[in-house]
Amino acid sequence: MHAVSLVIKRLYPSCRMKEPLKDTVVQVFEEHEDSVYAVEWSSTDPWVFASLSYDGRLVINHVPRTEKYRILL
């Protein structure tokens with residue numbers, strides 16, 4: 001447990017902290033027919049990203065709503 005977490009536990013014993021999320025596959029996106037060579041997060045919406053494949057296809061996607069709420073709540 002991190003030092004900050006221990007301090008918070010001592011100061012606020014009734015406070016329950018969430019466990020960190022595990023690194024897992026959230027969703028598989030299969031819109032591309034060729035290899036993806038670039039992915040960028042949106043600068044205006046933290047839940048939107050774009051991917052570009054070698055065949056020139058640009059795909060705009062978003063983080064699934066269920067995953068978004070799991071992160072935030």
Side-chain angles (χ1 to χ4, degrees):
M1 189 176 279
H2 292 89
V4 173
S5 298
L6 292 172
V7 170
I8 291 172
K9 278 265 193 223
R10 288 186 189 135
L11 292 175
Y12 306 100
S14 62
C15 178
R16 289 180 33 197
M17 297 180 65
K18 282 177 55 174
E19 290 295 318
L21 296 175
K22 304 283 188 242
D23 287 338
T24 61
V25 174
V26 173
Q27 185 169 342
V28 175
F29 297 93
E30 297 180 346
E31 289 88 357
H32 292 288
E33 295 177 9
D34 207 344
S35 298
V36 171
Y37 72 91
V39 177
E40 289 291 329
W41 288 102
S42 169
S43 61
T44 58
D45 186 340
W47 305 105
V48 173
F49 61 95
S51 55
L52 183 63
S53 63
Y54 279 105
D55 62 3
R57 184 177 292 191
L58 174 68
V59 177
I60 308 294
N61 270 307
H62 65 278
V63 175
R65 182 174 294 165
T66 54
E67 193 64 25
K68 178 179 172 179
Y69 291 139
R70 191 170 79 92
I71 293 167
L72 294 175
L73 300 178

| remark: Output for pair (Lys68 NZ, Arg65 CZ), nearest 0.5 Å, gives 7.0 Å
| query | Atom CG in Leu72, atom CD in Glu67: separation rounded to 0.5 Å? | reply | 10.0 Å
| field | side chain to side chain contact (heavy atoms under 4.5 Å, CB included) assessment of Asp34 paired with Arg57 | value | CA-CA 9 Å; Asp34 207 344; Arg57 184 177 292 191; over 6 Å; no
| Is Val48 linked to Val36 within one hydrophobic cluster, defined over Ile, Leu, Val, Met, Phe, Trp and Tyr using a side-chain heavy-atom separation of less than 4.5 Å? | no
| said: My understanding is that only residues two or more places apart in sequence, or in another chain, count here; which of them pass side chain to side chain donor-acceptor pair (under 3.5 Å) with Glu30? | reply: none
| request: Could you pull out all residues at least two apart from Asp55 that satisfy side chain to side chain donor-acceptor pair (under 3.5 Å)? | output: Ser53
| note | Residues at least two apart in sequence or cross-chain that pass salt bridge (Lys or Arg N to Asp or Glu O under 4.0 Å) with Glu31, listed by chain then number, are none
| query | Tracing side-chain links under 4.5 Å among I, L, V, M, F, W and Y, which residues wind up in one group with Val25? | reply | Val28
| field | side-chain contact (heavy atoms from CB on, under 4.5 Å) partners for Phe49, two or more places apart | value | Phe29, Val39, Trp41, Asn61
| remark: Residue pairs meeting salt bridge (charged side-chain N to carboxylate O under 4.0 Å, His left out), one or both in residues 36-47, sequence neighbours left out, come to none
